[in-house]
There are 2 protein chains.
Amino acid sequence: MVFYLCQKPFVEPESHFDSYFKSAFTVDNVIFGFDEGALKVLLIRRNEAPFEDCWALPGHFVRQNEDLDEAARRVLWEMTGLENVYLEQLFTFGAPGRHAYGRVITVAYYSLVKIADFTPQALTLTREVAWHDLTTLGELAFDHNEIIVTARDQLQRSIRNRPVGFELLPPEFTLTQLQHLYESIWETKLEKRNFRKKILSMDLILPLNRTQKGVSHRPARLYRFDETRYRKLTREGFNFEVKG
Amino acid sequence: MVFYLCQKPFVEPESHFDSYFKSAFTVDNVIFGFDEGALKVLLIRRNEAPFEDCWALPGHFVRQNEDLDEAARRVLWEMTGLENVYLEQLFTFGAPGRHAYGRVITVAYYSLVKIADFTPQALTLTREVAWHDLTTLGELAFDHNEIIVTARDQLQRSIRNRPVGFELLPPEFTLTQLQHLYESIWETKLEKRNFRKKILSMDLILPLNRTQKGVSHRPARLYRFDETRYRKLTREGFNFEVKG
DNA sequence: ACAAAAGTGTTAGTGATACACCCATGA
DNA sequence: TCATGGGTGTATCACTAACACTTTTGT
């Protein structure tokens, strides 16, 4: 038999704890977008040391009384102007020595956005903001290359069971665009007929009476994602799944 | 065209950063075990304020020059005597106010162990160590109940695609034990014949020429997990999957 | 009329589900 | 001999995978 006895703590720090309260933590945001058939990540060029002038993830220190999620949102907004972005916690990186000024661990967040919905702008602590193609990234500040690799792995896993792909596409898209999105994230080729059958059989994307404009071949039909229906099906136990 | 210019940082902290270096971080370990048909978690009774005498996850401060993974291993060992446990990072909890002595964020780790492999013992900072049934947990220190819920959700997801279940069972186990393990983690009932067919068709567990002892009914055959084969198949693109 | 991508149907095989009875052992 | 859980086979259905040709549009 186990007794649970759980009182409210005394607010009376003991002195031998003081030595632990000398660290800092930051948040770093990995924002993915998809454009011109390629996966992109939003980077900033730093305005301050260390790594001044280097490209880096938009990230900065968390304030003393700020929740982590809140800090991630604030920092993203302050550095790039992006607002109302759904950020998900990814992983925490805390190797000693990863920051030159002291012990700093960083909580990485990630998100998927539609590139057309935002016009990133260099604000605080930022010389420049730009979308970078994932396949041609150079060396970034701190351990940010490693963070991006982790985020990309996570993305590869998560598009399998959650319809996250739709978050990266414009509201109206063609099935071929969706297929290319999966192909570029997984770095594979998918079979057109089976992919379409699978996607359409879920009844999650609605055909519109509109088609692509300005292409020099047969224009493709446009579709949009039926989020309401997705939520309903999910409540009923439906499981989204696309195989690679 | 984007230029990447990424120099080594100067080690010259600027004074306006000082205010950020006043936080601490801890690691907390959620160690799951499985015994008597029920899922268990390893808890300690605390030896120091805050929450002295309360049950809590084995967790403590990370040292200044210690990697997070390393700290999790050390703390687990120091508090419970468990060694050589494979810990995986789970999530980071950082609500302001979660610790009475200042801003403390905690990186939670989790692991699955075979209960019989260890004899937990109360060491540093620990009055008592014990396995607790997950279904009858009382109120724990800090936000540890929330951390355990997160770990449990993660466990429910991860036993689907990784043969983690075998880590919780003794090296030799019966198929019914394995099925009960899945059932208690998912809180569902599975169909015996189909479960066995599915598991055996993967050729990952080897039948032994031994059976259960000391049961008052037909004794079940014992099996063991073929880890070598699992690694080989995984390299070849095989995907473990058990459906609920 | 040609180039370029859109769009579609069928078949064979594999895996999932649902279901009921006999077997081996200890008490 | 009875109670208890161990153990198996088959039929149906759903999904996956593999495959080639016709359609629509712009140039």
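Throughout, a chain's letter reflects where its sequence line sits, starting with A, and its residues are numbered from 1. Only a predicted model underlies this, so the values are computations on that prediction, with no experimental measurement involved.
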Sidechain N-carboxylate O distance under 4.0 Å for B/Arg45, B/Asp53: yes
A/Phe34/A/Phe32 aromatic ring centres below 6.0 Å: no
Contact summary for A/Ile105 and A/Gly94, nearest pair of heavy atoms: CG2-CA, 3.6 Å
Reported CG-to-CD1 distance for the pair A/Leu140 and A/Ile147, which is rounded to 0.5 angstrom: 9.5 Å
base_contact_polar (C/dA20 base, B/Arg193 side chain, donor-acceptor, <3.5 Å): yes
Contact letters for nucleotides 10-15 of chain C, in which S counts primed atoms plus P, OP1 and OP2 and B counts the base, heavy atoms under 4.0 Å: B-----
Interatomic distance, A/Lys213 NZ vs C/dA5 P [rounded to whole Å]: 19 Å
Passing candidate, side chain to side chain donor-acceptor pair (under 3.5 Å) with B/Glu172, options B/Arg210, B/Arg221, B/Gln212, B/Arg224: B/Arg210
Can you tabulate the close N/O pairs, meaning under 3.5 Å, that link protein atoms to atoms of nucleotides 24-27 of chain D?
| residue | atom | partner | partner atom | Å |
| --- | --- | --- | --- | --- |
| D/dT24 | O2 | A/Arg218 | N | 3.3 |

Side chain A/His144, main chain A/Leu57, donor-acceptor under 3.5 Å: yes
Near-ring test A/Phe173/A/Phe225, centroid separation under 6.0 angstrom: no
Sugar-phosphate, base or nothing in reach of B/Thr176, heavy atoms under 4.0 Å: sugar-phosphate
Touch class at under 4.0 angstrom, heavy-atom based, for B/Gln212 against every strand present: nothing
Whichever of B/Glu191 and B/Ser201 has its nearest DNA chain C nucleotide further upstream toward 5': B/Ser201
Short side-chain N/O contact to C/dG7 OP1/OP2 from A/Arg196, under 4.0 Å: yes
Pairs satisfying side chain to side chain donor-acceptor pair (under 3.5 Å), at least one member in residues 180-191 of chain B, at least two apart: B/Gln179-B/Glu183, B/Glu191-B/Arg193, B/Glu191-B/Asn194
